[in-house]
Every structure is written in structure tokens, then in C-alpha cells.
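These notes are about the structure you will find just below.
As the structure is a computational prediction, the values presented were derived from the model and not from experiment.
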Amino acid sequence: MSVVQHIRSAAVTAIKSLYNQDIALADIAINVTKPEFEGEYTIVVFTFTKFSRQKPEETGQTIGNYLVTNFPDLVAGFNVVKGFLNLSINNAYWIQYLQTNFNNAHSGRKPANGKKVMVEYSSPNTNKPLHLGHLRNNFLGYSIAEILKAAGYEVIKANLVNDRGIHICKSMLAWQLFAHGDTPESTGIKGDHLVGDYYVKFETLLKEQAEPIIARILENDFRDFGGAELEKVEKLAALLHKPEIQQDEEKAGKLHDDIKEIARNKTEIMQQAKIMLQQWEAGNPEVRALWSTMNGWVYDGFETTYKRLGIDFDKVYYESETYLLGKDLVEDGLRKGVLFRKEDNSVWIDLTADGLDEKLLLRGDGTSVYMTQDLGTARLKYQDFQMQQSIYVVADEQNYHFKVLKLILEKLEEPAAEGVYHLSYGMVELPAGRMKSREGTVVDADDLTEEMVNTAAEQTKASGKLQDLSEEELQRLYEIIGLGGMKFFLLRVDPKKRMIFNPKDSIDLNGFTGAFVQYAHARIKSIFREVGITDVSHLDTYRHNDSLLPLEKELIKLNEQFGEILDDAQREMSPAIIANYAFHLAQTFNSFYAEKVEGHYTYSIARAESEDKQKLRLQIISMTAHTIAQSMKLLGIDVPERM
RNA sequence: GGACCGGUAGCUCAGCUGGAUAGAGCAGCUGCCUUCUAAGCAGCAGGCCAUUGGUUCGAAUCCAAUCCGGUUCACCA
């Protein structure tokens, strides 16, 4: 039980006893006491005046007295300022906490709660390498999974690989046309990048072929089209030429995009890609063989990237194996009357009663759409694991999709429905705006990683420290710092907010960064080396007296909060809460470490004023190192012994 | 147009289940390395918490409206 919970429950007892009033634990507002006042935690008593029938100050005094008298082990003293009851927690309480946790490497972790949860994340397309946006997804998914584990859940990390579809056919087609048999081996290019290069080639060619078609449309030359398409294009072109539309930039832009899309679909190369997709679906052996080969290259590339990033999965699903699954569900839905069929044979669900639209689930030709696949996959996952919760780490542009997905599953009475949770995160943008593959502003994941590690290497060399380490050890350290910096940078922001990725800030190793927290850890380890201790377990039986200096107490208090922080992070699904906490803890340790009065370190350990103080501080920094390491682990970040 | 999300220091972000004088980091300016790692510490400066109204003893936090930015509303995924 945490201090805050202790205070809550004591306050409830006090109020019951003093005012004969039943009050819920959650209704007691407790804050960390502001630094300018005496005490560590503060109870807000304004709300109690309703039944105390006293002024806030008197109410505070009364409750304070009660707590000191009846809970002396917890509350050693108090002061009241307006309606704020500032409590001084008994040092014995802190010492007791320190004593039991100073060498506990898992202090905040909760026991298993018997619940199972799946976290699906990463879920890449196999036509190009990972980029910055994927990194946020991967780090978030990994971290949330770790946080849930620490909170007592059994976690299945899942990856749903989008390994089929028109986008892969594009890469395949361009490879056939231009590669002359090139492979990752023959070119020395990482597989996912090689395949991505041909995707870009395809897009370039597509653009070239679409341009004359667009130009003709704009000149009212519709020779490329016939039938229903012709009608549509004529209509769009006529609209676009209207003067009032031309003045409306937004509308004109949208029309232009529509025309562009039609033209792109009309290109020869796009037609070929579509034919290839049909061949793939028909199981054409040649197409399937190329598909397997190129996907294989991509998987090798991804494997390398995942490994370097420290990302892993317990279960991998492939869309090529799941994309047909939703059809059974649709059949069930039709039987139950939840879905209906239109004249053209397409199948729909009517969500207008829920304030949404009608949603298509099967095309007229019987093929399924994205939603249908997701419905089927949701059922499959549930059959595989029977988890209570299924978390989808997917960008916020798909909020609507997941809202609908959950709703349809509910209407179909699928048991999987209840657990569906969309962990929606905001886009990563560059200072100049959104990343655009067409404009080549996409930040490649491998490149960025390399840059971060290089920066870490430069900074380490520039510091002139660690010259006795081997090249291997140094390389390992650069990875820890570089990757840690990258992960911390992407995780320190609330997931649901979109974030700006400023490359200059991201490689910084000062301030609110991963390196800052890692550095605090390395400093602690250096103290242990200085004192000549590698193991603190000999302090197990040591019992300190009850005097504590301000930052000694502050550090114990912060460490003690870790359990509550973990609860918050789990409830809010936010690694950012952990990152902020870890930084705050590291910052406080640094103050503790560096405070100096008249040339003497206040909290010196190697040259402590007494053996007693030395042992106490060793316990404190040992606990702090554990908590820092644990927090960072929840973010997927390692901490070094030296840096 | 409907729905959803956001707007806090020059910049990037905390704080949002209502509580004290709104906090960090970066950038700027002062100091601090013969003493456990200066990737650090101490300090200065920087704010109409988008606007307006409401609820309340008390609002950055809750409610309503407005303004600005984003996403989405495909027989794409």
C-alpha cells in the first residue's frame, strides 16, 4: 500500500470518527505539498467543511490532530494553511520503506492479476522500409506491453503484417521491369530498402504516365475514358472549370485530387499492377513465387531493424492468411439479420441509428474490404488467445475505423467486441509539416537510428571519458545512448497528441532526454565503484535512525511514488507518464549529488560525515538506480554502468 | 457540413478525475569543475493557460458558444 493510500484511509477513519461522515477514499484530494510549505503530502479540506460545520482552518486543525494522535507511525506533524492540511510523514515510515525496498529491482511491479491482453503494434506494409511514424508506433506498442506486464497482466505482443495488396504488387511490377534480377545480395542493399526503392520507381513512372492524362482532362479531351468513367470525368472537369469553384482553393484542390486519382488508375502501369493483384489472388505460381521472394527480402530487412530497436513479438499474423476470414462473420451477420444485401449483391451494415453511416462489408463481386478483414482477424485473435482486452496501436487517422469496428463486433455479438481498445496516437510531423513520401521528406527509421548512434559516439568521444573501454564495449554504449535518446524523445510526449519531430532537438543529449536519465544512473554506479561496493545486500540488516536531510527524504518519497506512477501510466496507456517521472527522479538525484555548501558535498557518500549516513545514502542511491532502471526498461531503454 | 482530437513561456512539452503564487527542457543571460562523472548543478529572465460566458468557496482543469489548427466521414488500406 502506498503512502497516499495510507493517508487516504487514515483520513476516512478520521472523518468517520470526528464527523460521523462516510466518505469514499477517492473523494479525498491529496496533493504533493508545495515546496514552500512544511510537509510532504497535503489533504485538501475545503470539501469537508460541509459536514464539519467549521472554518476550513479549524477543520484542518481538527483532522490534523486526530491523525497525529491516532496514526503516529504515519503522521508525525502537520500545519494548516487556509484549507490545506500539510502533513509531515513520520521519518520512520520513510526509513521503513527504504529498508524494505532499497535492493528491490522490481519495487513497483504488481502481482499477476490473471488477465490476458493482446497488444497489436508495428503492423508494417511489406512494400517499403520503416519510417519515423512507424517508430512512434513500435516504441509505443512495446512500452505499453511492458507497462501492462509490470501492472500484472499477461501480455501477447502481436504484429499483423500487411503482406498482400496492391502496394506490394507495385514494388513487384517495378522490380520485374527495372531490376534486371537485382537482389539484396547482388546489390548489397538491405532487403526492405531495395523493395522500397522499386516502390518509389513505380510511383515515379505512375506519375509520368498520369500527367498527360490529367493534362488532357483539364483541356476537356476525354479520349482516355468511356462509359461511366467518361461521365464522371466530364462532370468533374466541368465543375472544376466553374469560376466560383476556381476561387475556392479547397474545393478546387479536392476536385483536382479526384481527377488525379482517376487518371492514375487509368495509367498502363496501374492497370498492370491490378492485373498482377488479380493473378496473386488467383494463385498464379509465378506471381506468388516473386511475392514470396520479395517479401522474404523485406522480412530480413525488418528483422535487422527490429533487432536493433529491441522490438519483439510473441505472435505474428499475416494478412495474406487472414484477409478472407471476415466472410464467415458476414454470413453470420446476414443470418442474424444484422447485415443486409443490396441489389448489386454488396453487403452492408446500417449504423445510422448510432449516428454513423451505412458501411460496406462485401463488394458486389463478393470480395472483402479492410473492415471485413479486421472483423475476421478480431475473431481469429480471440479464438487464439481468449484475451480480456485487445489493444490496437494505430494512428489517430483511423479513429473512425476502430469506432465502427467495435460497434459492428458488438452488433454481431462477437465475444471479441468488448475488449477492443484503440490506442490512438497522433502523427509525427517535421517542423516543416507532415512527412510526404512524394516530396521525399520521410525520415527513414534505419537512417535515423544510425544518426542517433553516431551522435552518441561523437559526444562520448568528445567527453574524453571511458578511454579504457574496448571498442566493443564502446559500440554497445553508443547503441544504448543513441537508441535510448530516440525512444525517450518519441515516448516523452502524450501518445494522443500529435508531435513535432525536430531533428536538431532529437539528437540533443542535454536536458529532458534519455541521456540525462541514463547519466544519473551511470553516476550512481560510479559512486558504488568509488566506494568499492558492487553489492548492497550487506546493508540488509542495517537500520538507520530516523533523521533525514531534505533531499534524502525527497528521494525516498519519489521512489515510493513509482508504484502509483505505474498505475497511472497503465490506466492512461501513456509511457509519457513514466518518462516524465524518470526525468524528475534523475533530476532530483542530480541535485542530491551536486549540492555543495562551502566546498563540501552535502550528501557526500564516499566521504560521508558518518558511517551511518554513508549506509543510509548507499541505500537511497541503490533504490534510485533500481527505480531509474525499471522506469527506463518500461520504455524499452537500457541504462549504462558508465557513460 | 457532421463527428472526433488539439490550442499552456520565443520553441518543444508537463500539469486537465477542480485546489495554494501555472511547471520542466531547449534557446538567452549570471555563477559553479584541485573534493563520488560539468551529458551536471545553482540562479536570472520569460505567461491575458486561444476568446467569451457559465457552474463553484475555488477553474489552465468542468459546461456552453466562438475562433484557429488537425484528422475523418471511400466498393483505399
For this session: Compute both the distance and the angle, then confirm whether A/R523 meets the cation-pi test with A/F589: under 6.0 Å from the six-membered ring centre, within 45 degrees of the axis.
Result: no

For this session: May I have the step-by-step check of salt bridge (Lys or Arg N to Asp or Glu O under 4.0 Å) for A/D568 and A/R571, ending in yes or no?
Result: CA-CA 5 Å; A/D568 288 352; A/R571 194 180 52 249; 3.0 Å; yes

Seminar exercise, completed: The salt bridge (charged side-chain N to carboxylate O under 4.0 Å, His left out) partners of A/R642 (sequence neighbours excluded) come to A/D468

Exercise. Between A/K342 and A/E358, is there a side-chain N and carboxylate O pair less than 4.0 Å apart?
Worked result: yes

For this session: Using the P atom on both, measure B/A38 against B/U51 and round to a whole Å.
Result: 44 Å

Seminar exercise, completed: Taking B/A38, B/A20, B/A77 as options, the one with an atom nearest any side-chain atom of A/E319 is B/A77

Exercise. Would A/R617 and A/E609 pass as an ion pair if we require N to O under 4.0 Å?
Worked result: yes

Problem set entry | B/A39 phosphate, OP1 or OP2, under 4.0 Å from A/K465 side-chain N/O | yes

Exercise. Expressed in angstrom and rounded to an integer, what is the separation of A/L477 atom CG from B/A39 atom C1'?
Worked result: 11 Å

Seminar exercise, completed: Among the nucleotides B/A77, B/A39, B/C36, whichever has the atom closest to the side chain of A/V369 is B/A77

For this session: Determine whether A/N265 and A/K274 make a side-chain contact, defined as any pair of heavy atoms from C-beta on separated by less than 4.5 Å.
Result: yes

Problem set entry | Anti or syn - B/C33, cut at 90° from 0 | syn

Exercise. Does A/E36 CD have over 12 foreign heavy atoms under 6.0 Å away?
Worked result: yes

Seminar exercise, completed: 5'-most contact on RNA chain B (nearest-nucleotide basis), A/T33 vs A/T460, goes to A/T33

Problem set entry | Note: A/K235-A/E231 ion pair, threshold 4.0 Å (strictly below) | no

Exercise. Expressed as a whole number of Å, how far does the C1' atom of B/G46 sit from that of B/U12?
Worked result: 15 Å

Exercise. Less than 5.5 Å between centroids and less than 30° between ring planes, does A/F84 satisfy that with B/A20?
Worked result: yes

Exercise. What string of B, S and - do you get for nucleotides 7-14 of chain B, 5' to 3', when a contact is any protein heavy atom under 4.0 Å?
Worked result: S----SSS

Problem set entry | Whole-Å P distance, B/C57 and B/G23 | 26 Å

Exercise. Between A/H600 (NE2) and B/U34 (P), how many Å, whole number?
Worked result: 15 Å

Problem set entry | Gap between atoms OH and P, on A/Y317 and B/A77 respectively (whole Å) | 21 Å

Problem set entry | Proximal nucleotide (of B/A39, B/C26, B/U35) relative to the A/K596 side chain | B/U35

Problem set entry | Aromatic ring proximity, centroids under 6.0 angstrom, A/F46 and A/F84 | yes

Problem set entry | A/N510 (side chain) and B/A38 (base): donor-acceptor pair under 3.5 Å | no

Problem set entry | Separation of atom CG in A/N345 from atom C1' in B/C75, rounded to whole Å | 13 Å

Seminar exercise, completed: Its dot-bracket string being built from Watson-Crick and G-U pairs below 3.5 Å, with | for another strand and [ ] for crossing, RNA chain B has the pattern ((((((((.[[[[.)...(...]]]].(((((.......))))).....[[[[[..)....]]]]])))))))....

Exercise. How far, in whole Å, is B/G43 from B/G54 if one measures between their C1' atoms?
Worked result: 42 Å

Seminar exercise, completed: A/I480 atom CD1 is separated from B/A39 atom P, nearest whole Å, by 18 Å

For this session: Go through B/C75, B/A3, B/C36 for me and flag the one nearest to the A/S604 side chain.
Result: B/C36

Problem set entry | Spacing of the P atoms in B/C73 and B/A64 (rounded, Å) | 26 Å

Just the table, please: protein N/O against nucleotides 71-73 of chain B N/O, every pair under 3.5 Å.
from, atom 1, to, atom 2, distance (Å)
B/U71, OP1, A/R434, NH1, 3.0
B/C73, O2', A/D357, OD2, 2.6

Problem set entry | A/R476 CZ: over 12 foreign heavy atoms closer than 6.0 Å | no

For this session: May I ask you to check whether over 12 heavy atoms, not counting those of A/H167, lie within 6.0 Å of atom NE2?
Result: yes

Exercise. Does atom NZ of A/K266 have more than 12 heavy-atom neighbours from other groups under 6.0 Å away?
Worked result: yes

Exercise. Any side-chain heavy atom of A/L618 within less than 4.5 Å of one from A/Q614?
Worked result: yes

Problem set entry | Heavy-atom neighbours of A/K613 NZ exceed 12 at 6.0 Å | yes

Exercise. With nearest nucleotides of RNA chain B determined for A/S368 and A/I527 from heavy-atom distances, which residue corresponds to the more 5′ nucleotide?
Worked result: A/I527

For this session: Kindly indicate whether the side chain of A/T372, heavy atoms from C-beta on, has any atom under 4.5 Å from the side chain of A/L324.
Result: no

Exercise. When we call it a touch if two heavy atoms are under 4.0 Å apart, what does A/G83 touch: a base, just sugar-phosphate, or nothing?
Worked result: nothing

Exercise. The side chain of A/L360 lies closest to which of these nucleotides: B/C75, B/A20, B/A39?
Worked result: B/C75

Exercise. Within the stacking criterion (centroid distance below 5.5 Å, interplanar angle below 30°), does A/Y519 stack on B/G40?
Worked result: no

For this session: Quote, to the nearest angstrom, the P distance that separates B/G47 from B/U8.
Result: 15 Å

For this session: May I ask you to say whether A/R8 pairs ionically with A/E564, meaning some side-chain N is under 4.0 Å from a carboxylate O?
Result: no

Problem set entry | Distance, rounded to the nearest Å, where A/L509 contributes CG and B/A39 contributes P | 11 Å

For this session: Evaluate the side-chain proximity of A/S52 to A/E58: yes if any heavy-atom separation is below 4.5 Å, no if none is.
Result: no

Problem set entry | Nucleotide nearest A/I481 (side chain, heavy atoms from C-beta), chosen from B/U35, B/A39, B/C26 | B/A39

For this session: Please state how far atom NZ in A/K82 lies from atom P in B/A20, giving the value in whole angstrom units.
Result: 9 Å

Exercise. What's the NZ-C1' distance between A/K260 and B/C76, to the nearest Å?
Worked result: 16 Å

Problem set entry | Between B/C26 and B/A14 - C1' atom distance, rounded Å | 14 Å

For this session: Identify whether any heavy atom of A/Y593 sits under 4.0 Å from a base atom; if not, whether one sits that close to sugar-phosphate; answer base, sugar-phosphate or nothing.
Result: base

Could you pull out the protein-nucleic contacts involving nucleotides 41-46 of chain B (nitrogen or oxygen on both sides, under 3.5 Å)?
from, atom 1, to, atom 2, distance (Å)
B/A42, OP1, A/S591, OG, 2.9

Exercise. Which whole number of Å gives the distance between the C1' atom of B/C11 and that of B/U17?
Worked result: 31 Å

Problem set entry | Chi angles and distances behind the ring pair (Phe, Tyr, Trp, His ring centres under 6.0 Å) call for A/W291, A/Y318 | CA-CA 13 Å; A/W291 173 74; A/Y318 295 94; 8.9 Å; no

Problem set entry | Those residues of residues 38-47 of chain A lying under 4.0 Å from RNA chain B by at least one heavy atom | A/T42, A/V44, A/F46, A/T47

Exercise. Reckon A/R642 touches a base, only the sugar-phosphate, or nothing at all at heavy-atom distances under 4.0 Å?
Worked result: base

